[in-house]
Structures are given as C-alpha cells and as structure tokens.
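Owing to the predicted nature of the structure, the values given are computational and were not obtained by experimental measurement. Counting begins at 1 with the first residue of the sequence.
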Amino acid sequence: QVQLVESGGGLVQPWGSLRLSCATSGFTFSMYAMSWYRQAPGKERELVAAISSGGVKNYADSVKGRFTISRDNAKNTIYLQMNSLKPDDTAVYYCNAPSKRFGSSGSWGQGTQVTVSS
C-alpha cells in the first residue's frame with residue numbers, strides 16, 4: 001500500500017524558514033518523480049515543486065529562488081526547504097507521487113499546515 005506522510009509544518013514568521021518532509025512507503029521510491037503541492041483557503045491546489053527520479057527540479061514561479069525540493073532515495077523521503085517565507089505561502093502543503101500507477105491524480109499525503117504570520 002502506497003503511503004505518503006508529511007511532517008514539519010507549523011507557524012513561522014515572515015522571512016523565516018521551514019523544512020517539510022514526506023516519508024513514503026509501499027513503492028520503489030527511487031523510480032518515481034515526486035511533487036509538493038499547496039492549497040490556501042479559497043484557492044485552487046497548485047504545484048509548488050517537482051523532482052524527477054533523476055533529480056531534475058522544477059518550481060512554481062512564486063517560490064523559485066526561495067524553496068528547494070530534494071530527495072533522499074536511501075530514506076524514501078522528499079523534502080521542501082522553504083526560505084524567505086511570506087504570508088502568501090500560508091497553505092496546507094501536500095506531498096504527491098504523480099504516477100498514474102497510483103491513481104488518476106497519483107497518490108497524496110494528508111497534508112501539513114504551514115502558517116506564515118507575525
């Protein structure tokens with residue numbers, strides 16, 4: 001059974017930093033691309049960052065230069081390092097394994113809340 005479990009969310013001040021983790025199990029992690037999404041109240045869920053099985057990274061323009069996605073294949077885990085956080089980054093952040101093998105929209109974690117506020 002494919003499982004994705006996010007952790008690391010919380011309350012942080014503007015210009016602060018936070019590191020999210022997504023621990024995975026139930027599939028051959030190193031073979032698959034992984035992604036981070038977020039959804040703010042009243043907004044659509046949006047792709048934040050993605051990383052291929054080979055380590056190629058892509059970012060939404062809104063986070064480029066501030067966020068870094070990475071993966072540790074030995075730990076079956078992906079990370080999202082978030083720096084220079086803004087109030088607009090406030091959202092529930094979701095880990096996603098986008099392969100259609102896991103479902104029409106891939107496999108999703110339950111999300112972790114990130115709140116950026118002074």
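- Remark: the backbone N or O of Thr90 is not paired with any side-chain donor or acceptor of Thr115 at under 3.5 angstrom.
- Hydrophobic clustering of Ile, Leu, Val, Met, Phe, Trp and Tyr side chains at less than 4.5 Å, counting indirect connections, unites Met82 with Ile69.
- Linking Ile, Leu, Val, Met, Phe, Trp and Tyr residues whenever their side-chain heavy atoms come within less than 4.5 Å places Val48 and Ile78 in a single cluster.
- Residues Asn83 and Ser17 bring a donor and an acceptor atom of their side chains to less than 3.5 Å of each other.
- Counting only distance, with no hydrogens or angles, the side chain of Asn96 and the backbone of Ser107 share a donor-acceptor pair below 3.5 Å.
- Rounded to the nearest 0.5 angstrom, Ser117 OG and Asp89 CG are separated by 12.5 Å.
- Summarising the geometry of Pro14 relative to Ser118, their closest heavy-atom pair is CD-N, 3.7 Å, with the distance given to 0.1 Å.
- Linking ILVMFWY residues whenever their side-chain heavy atoms come closer than 4.5 Å, directly or via other members, leaves Val92 and Met34 in distinct clusters.
- Counting only distance, with no hydrogens or angles, the side chain of Arg66 and the backbone of Gln81 share no donor-acceptor pair below 3.5 Å.
- A side-chain donor-acceptor contact under 3.5 Å links Ser99 to the backbone of Arg101.
- Using cut-offs of 30° and 60° on the angle between ring planes, the pair Tyr32 and Phe102 is tilted.
- A cation-pi arrangement is found for Arg19 relative to Tyr79, the charged atom lying closer than 6.0 Å to the ring centre and inside a 45° cone about the ring normal.
- Using a 4.5 Å cut-off between side-chain heavy atoms of Ile, Leu, Val, Met, Phe, Trp and Tyr, with links allowed through other members, Ile51 and Phe29 fall into the same hydrophobic cluster.
- In terms of heavy atoms, Thr77 sits closest to Ala23 at OG1-CA, 3.9 Å.
- When every heavy atom of Arg71 is checked against every heavy atom of Ser53, the shortest pair comes out as NH1-CA, 3.6 Å.
- The backbone N or O of Gln110 lies less than 3.5 Å from a partner atom in the side chain of Glu6, making a donor-acceptor pair.
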Open item on the list: Set out, in order, the CA-CA distance, both residues' side-chain angles and the distance that settles ring-ring contact (aromatic ring centres under 6.0 Å, His included) for Tyr59 and Phe67, then state yes or no.
Closed with: CA-CA 8 Å; Tyr59 299 94; Phe67 290 11; 8.2 Å; no
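- Under the 4.0 Å criterion applied to side-chain N and carboxylate O atoms, Lys64 and Asp61 are assigned as salt-bridge partners.
- The local environment of CD in Gln39 is crowded, with over 12 non-hydrogen atoms from other residues, nucleotides or ligands closer than 6.0 Å.
- A 6.0 Å sphere centred on NZ of Lys57 holds more than 12 heavy atoms belonging to other residues, nucleotides or ligands.
- Considering OG of Ser35 and CG of Asn58, their distance stands at 9.0 Å, rounded to 0.5 Å.
- No single ILVMFWY cluster, assembled from side-chain heavy atoms under 4.5 Å apart, contains both Tyr94 and Val63.
- Judged by distance alone, the side chains of Tyr37 and Arg45 never bring a donor and an acceptor atom under 3.5 Å apart.
- Between Gln3 atom CD and Gln1 atom CD the span is 5.0 Å, to the nearest 0.5 Å.
- Between Leu20 atom CG and Cys95 atom SG the span is 9.5 Å, to the nearest 0.5 Å.
- Lys75 contributes atom NZ, which lies 13.0 Å from atom OG1 of Thr24 (distance to the nearest 0.5 angstrom).
- Using a 4.5 Å heavy-atom cutoff, the side chains of Thr68 and Leu80 are not in contact.
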